[in-house]
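Quick notes on the structure that follows.
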Amino acid sequence: MTKFWLMKSEPGCFSIDDLAESENQTTPWDGVRNYQARNFMRDQMEIGDHVLFYHSVKNPSVVGTAEVVKESYPDFTAWDPDDPHFDPKSSEENPRWFMVDIKLLEKFSNPVPLKFLRTVGGLEGMELLRKGSRLSVMPVAKDEFKIICRIGKE
DNA sequence: GCCAACGTTGGC
DNA sequence: GCCAACGTTGGC
């Protein structure tokens, strides 16, 4: 059963264009250091799940879609002291952080701003729209995913 | 740059 | 296990 997700990225850090230019348009989703977000990736994401790619910070928007192409494995960037997401409590023997690989499906011709999402019927229950929502990886309902895709392709 | 909301840490 | 202090996220 295909599941649906939303993943946040700061475009200055890794944008959908960076994904488009990656080898095979695929990237490991490294750097997540939040347990709830990790658990979604580690325990629930499966190959073939679909992802809304979200840019935060400036005019935050859903900018496209991607697909999970590799299920969770240890986030090795946590072991690198020179990496900004280094975590000394994670080790190869006992990894604390996990990631999946995602592959670009489609870059929206019409990116959908957060501001607009708040006005769309059927999205009232979205985790993303909750005040103070800070999760960087979150589940999305199938209907919500479809609504947003339809707008994004307009 | 501000700040509200939230997560994590650590002393007790 | 509680909770105060602190750090981070992310919209504005």
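By convention in this document, chain letters (A, B, ...) are assigned in the order of the sequence lines, proteins followed by strands, and residues within each chain are numbered from 1. Below, each value reflects all heavy atoms present in this structure, side chains not excepted, and no hydrogens, waters or symmetry copies.
As rounded to whole Å, 13 Å separates atom P of C/dG10 from atom NE2 of A/H55. As a whole-Å value, the separation of A/L114 CG from C/dG10 P is 12 Å. Following rounding to the nearest Å, A/N59 (CG) and C/dC12 (P) show an atom-to-atom distance of 10 Å.
Side-chain contact check for A/R96 and A/Y35: at least one donor-acceptor pair (N or O, by modelled atom type) lies under 3.5 Å. Inspection of the A/S90 and A/W79 side chains reveals an N or O donor paired with an N or O acceptor under 3.5 Å.
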* To do: Spell out protein contact along nucleotides 2-9 of chain C as letters: B when the base is contacted, S when just the sugar-phosphate is, - when no protein heavy atom is under 4.0 Å; keep the 5' to 3' order.
  => -----BBB
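Side-chain N or O atoms of A/S133 include one that pairs as donor or acceptor with a backbone N or O of A/E127 at under 3.5 Å. A donor-acceptor distance shorter than 3.5 angstrom exists from the side chain of A/S22 to the backbone of A/D18, with no hydrogens or angles considered.
When heavy atoms are screened at a 4.0 angstrom cut-off, A/R130 is found touching the sugar-phosphate backbone but no base atom. A/K89 comes within 4.0 angstrom of sugar-phosphate atoms only, judged by non-hydrogen atoms across all strands, and of no base.
Within 6.0 Å of NZ on A/K3 lie more than 12 heavy atoms contributed by other residues, nucleotides or ligands.
Ring pair A/W5/A/F40 is tilted by interplanar angle, where 30° to 60° counts as tilted.
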